[in-house]
Amino acid sequence: MNLHCSTVKLLTTALCIILCIFLELYSNVDREGTDVVVVDAFSYHPVIPTRRSRPIIAAPSSRAREYIMGRGRCSTDERKVTQLHEQPVNRKEILGPISPSTLVKYNLPPEVIAEGGWSAQLVSRAATTVDNQSRESDRVLGKVKTEIELIPRNPKEHYAGIVRVSVPIPLDEPAGLGIELLELEGGRDDGLGITIVTGLVPDGNSAKAVASSRELGEDDGETIMYGDTIVSAELVMQLRGTSATTDIRSIKTECLGYDATVDALVGMMSFLDNDNIQDASVVLSLKRLRRRPNLTVKLHYPPEQDLPSETLQLQSGDNLRMVLLQRGIKLNDPLAQRYDGKSSNSGNCGGGSLCRTCAVNVLRGGELLSKPKENEKKMTDDNPRWRLACKSWVGYGMNEGEIVIQVNPRQW
């Protein structure tokens, strides 16, 4: 009897271990094509940052340098919670068109970036496949693509924006890009690191390109700034001949140290050694640290609830319903009307835009909310100032301001 119990216990333990391993492996697969954080990239060694600066004009010295990389740990617990509960949305769509001149005021000052504004992380994505069947096979076989990307060290207050700058390269004197770089962390054998822009070489190609775009009013306030990181570059070459032919050479430099970044850029520029090129330019994609726009939301409750008004601080891109529920604010209105055939008292639809239980009355600041779609317009056509909180994201156009709303508008 004792032997039988011991055997059962061993088998149960073994099955539990196998199940845990399977769940762990399966949890690291990207089920919907979104990023899955695996591990922090720069958490192997004590904090000993490195700093080296040289303009990118010629290839650097090949002398070996050894440094220890540290810093960069970034907690992603809160973002994981948001991903679990908030429905996936198209951020570009809900935030609408964004003017570069609006974003300029959110650029972080150099001292914030220099004191550790950037971090890095490894992310895992399911391999890109032709159809769903082969995609599913990749999951079973464990074909998961792991990449490293730059992220803000303080993701609650900062975000990484993308800036693209085109730099014409004169073929009579291709002197390089003329960008000064600084390695914040690097010296690893694998070439990984964090390298930022510290300035432009006077009269260099990048400086001339920025000055020219300013004169033409093309960049609308954007430029290459201190703290930007070059994440990728494309060398676009127009070839001579009877038919217009374009040759493009692309490189990725995200999360590379100084030497690896320079080697990649110099290697790309070596393709200019061709007499058949008629015109050439380099398109730089840079990541830029910016603070998140802040918005104030004032809530007023129906008089019969006898609750004081509240003021909340939200950030651009926050979903109104999600934030209110997370703050413990009750949105479920017993007088809500449903549009899916269920009774009005059957509770809310869970953010599916099938009822009006989360409707709010917008007294002021409606222009700071994402634009309503046709389904929401039809559901609120009898009350034009009403919005469904589940379909309202704050900070439209990445603008800041104040929004004043009434909760449970049917009870007013």
Side-chain angles (χ1 to χ4, degrees), residues 32-35 76 78-100 102-103 105-106 151-152 155-162 290-300 310-333 336 339 348-381 383-409:
E32 300 296 337
T34 55
D35 295 348
T76 56
E78 292 195 11
R79 193 175 68 173
K80 286 182 179 179
V81 172
T82 303
Q83 288 179 344
L84 287 174
H85 292 83
E86 187 174 331
Q87 56 185 316
V89 295
N90 186 332
R91 294 283 174 178
K92 292 183 178 180
E93 180 180 346
I94 63 175
L95 293 178
I98 303 171
S99 171
T102 301
L103 298 177
K105 59 185 177 182
Y106 305 132
I151 60 171
K156 291 181 63 177
E157 299 181 4
H158 304 153
Y159 76 98
I162 296 292
R290 294 186 171 114
R291 70 170 177 85
R292 295 185 181 277
N294 298 312
L295 297 100
T296 301
V297 177
K298 291 186 176 181
L299 305 177
H300 298 294
E310 293 189 51
T311 300
L312 306 179
Q313 297 298 324
L314 277 67
Q315 293 180 332
S316 182
D318 286 345
N319 179 263
L320 189 58
R321 174 181 178 271
M322 184 66 60
V323 171
L324 296 182
L325 292 179
Q326 289 175 344
R327 305 289 177 88
I329 298 172
K330 298 179 180 179
L331 287 176
N332 296 349
D333 191 340
Y339 291 81
N348 68 74
C349 67
S353 187
L354 297 174
C355 71
R356 296 199 300 185
T357 190
C358 67
V360 295
N361 188 26
V362 182
L363 301 180
R364 187 167 67 248
E367 71 280 359
L368 297 173
L369 296 174
S370 57
K371 301 303 181 184
K373 294 187 176 181
E374 289 303 318
N375 186 46
E376 182 182 356
K377 290 180 180 178
K378 293 178 180 179
M379 295 174 63
T380 58
D381 58 355
N383 294 282
R385 296 172 64 179
W386 284 20
R387 289 298 308 272
L388 300 182
C390 65
K391 298 303 177 184
S392 300
W393 286 265
V394 302
Y396 187 78
M398 292 293 281
N399 290 308
E400 297 180 308
E402 181 182 81
I403 305 172
V404 181
I405 62 177
Q406 290 177 333
V407 180
N408 302 139

Notebook entry, point to check: Which residues satisfy the side chain to side chain contact (heavy atoms under 4.5 Å, CB included) test with Leu314, sequence neighbours excluded?
Noted result: Val297, Leu312, Asp318, Leu320, Val323, Val394

Checklist line | Residues which pass salt bridge (charged side-chain N to carboxylate O under 4.0 Å, His left out) with Lys371, listed by chain and number, not counting sequence neighbours | finding: none

Checklist line | Residues which pass salt bridge (charged side-chain N to carboxylate O under 4.0 Å, His left out) with Lys298, listed by chain and number, not counting sequence neighbours | finding: Glu402

Notebook entry, point to check: In chain order, what residues pass the salt bridge (charged side-chain N to carboxylate O under 4.0 Å, His left out) check against Arg291, with sequence neighbours excluded?
Noted result: Glu400

Item checked: Main-chain N/O of Ser370 paired with Arg387 side-chain donor or acceptor, under 3.5 Å -> yes

Margin query: Using the side chain to side chain donor-acceptor pair (under 3.5 Å) criterion, which residues pair with Lys373? Sequence neighbours excluded.
Written below: Glu93

Check: Donor-acceptor pair, Glu376 side chain versus Ser392 backbone, under 3.5 Å?
Finding: no

Item checked: Shortest non-hydrogen contact from Gly96 toward Tyr396 -> CA-CE1, 3.5 Å

Margin query: So, using side chain to side chain donor-acceptor pair (under 3.5 Å) as the criterion, who are the partners of Gln406 when residues are at least two apart?
Written below: Asn361

Check: side chain to side chain contact (heavy atoms under 4.5 Å, CB included) with Asn399: which residues, sequence neighbours excluded?
Finding: Thr102, Leu368

Note to self: His300: which residues meet the side chain to side chain donor-acceptor pair (under 3.5 Å) condition with it, sequence neighbours left out?
What the structure shows: Ser309

Next item on the list: Not counting sequence neighbours, which residues clear side chain to side chain contact (heavy atoms under 4.5 Å, CB included) with Gln313? List them please.
Entry: Thr296, Thr311

